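In what follows, a single structure is set out as structure tokens and then discussed.
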Amino acid sequence: MPDIRPTVGSGALVLNATYEPLCVVSVRRAAILVLSAKAVCVADGDGILHSARNALPVPSVVRLTRFVRVPYRTHVGLSRRAIFARDGWRCAYCRGPAETIDHVFPRSRGGRHAWENVVAACARCNHTKGDKTPAEMGWRLHALPAAPKGTAWRVLGHRAPDPRWADWLDLREPEAAA
Ligand SMILES: [Zn+2]
């Protein structure tokens with residue numbers, strides 16, 4: 001399956017009754033939640049949705065009218081898209097657009113496939129680095145790779161965030177490497 005970078009605005013952010021971010025659903029699904037009074041629209045997106053009987057602004061953020069208990073997830077799954085999202089779709093070495101995943105300590109030399117050892121990288125840096133470490137290349141990582149934390153990751157494992165969601169997500173830049 002091709003790895004398609006999701007389009008900003010292609011979904012709606014769902015908040016719990018407590019305003020805690022829960023997940024991202026299609027705008028259609030969010031509209032159904034609003035029309036059935038299961039959620040209220042908190043922020044509008046672009047355009048109007050029409051159905052046989054209704055017209056309502058495309059929801060960008062909706063909040064559930066009733067609190068939903070969610071099992072607390074202790075770790076974020078390591079996926080290609082999640083790594084790109086954590087690293088802001090930028091190369092960890094040159095900050096250019098990233099299209100590959102690099103193992104900081106190369107897998108061929110026993111490097112682990114873990115949050116602490118994977119970074120988004122551009123094809124050029126990845127190819128140039130080969131099976132060397134950043135130290136051997138004289139390169140510095142823009143940020144120390146680490147497992148992402150916070151509620152934002154319930155929604156950001158999957159896509160680039162819509163800027164309209166920023167108020168409800170605790171988005172922080174990765175800490176700069178010392
Ligand atoms: Zn690069």
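Whatever order the structure lists them in is the order used to number ligands and atoms, beginning at 1. The shown structure was predicted, so the numbers you read here are calculated from the model rather than taken from an experiment.
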Please table the atom pairs, donor to acceptor, closer than 3.5 Å between any side-chain atom in residues 96-103 and protein atoms at least two apart or in another chain.
residue : atom : partner : partner atom : Å
E99     : OE2  : A123    : N            : 2.8
T100    : OG1  : A121    : O            : 2.8
T100    : OG1  : N126    : ND2          : 2.8
D102    : OD1  : K129    : NZ           : 3.4
D102    : OD2  : Y93     : OH           : 2.6
D102    : OD2  : K129    : NZ           : 2.9
H103    : NE2  : H113    : ND1          : 2.8

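Checked against salt bridge (charged side-chain N to carboxylate O under 4.0 Å, His left out), R109 has the following partners two or more places apart in sequence or in another chain: E136. Scanning for side chain to side chain donor-acceptor pair (under 3.5 Å) contacts around R90 gives an empty result, with sequence neighbours left out.
Tally of protein N, O or S atoms closer to the Zn ion (ligand 1) than 2.8 Å: 4.
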Query raised in the report: Step by step, would you call M137 with T128 a side-chain contact (heavy atoms from CB on, under 4.5 Å)?
Result: CA-CA 9 Å; M137 297 298 294; T128 308; 4.0 Å; yes
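Here the shortest heavy-atom pairing between V24 and G11 reads CG1-CA, 4.1 Å.
Between S60 and W165, some side-chain heavy-atom pair lies under the 4.5 Å cut-off.
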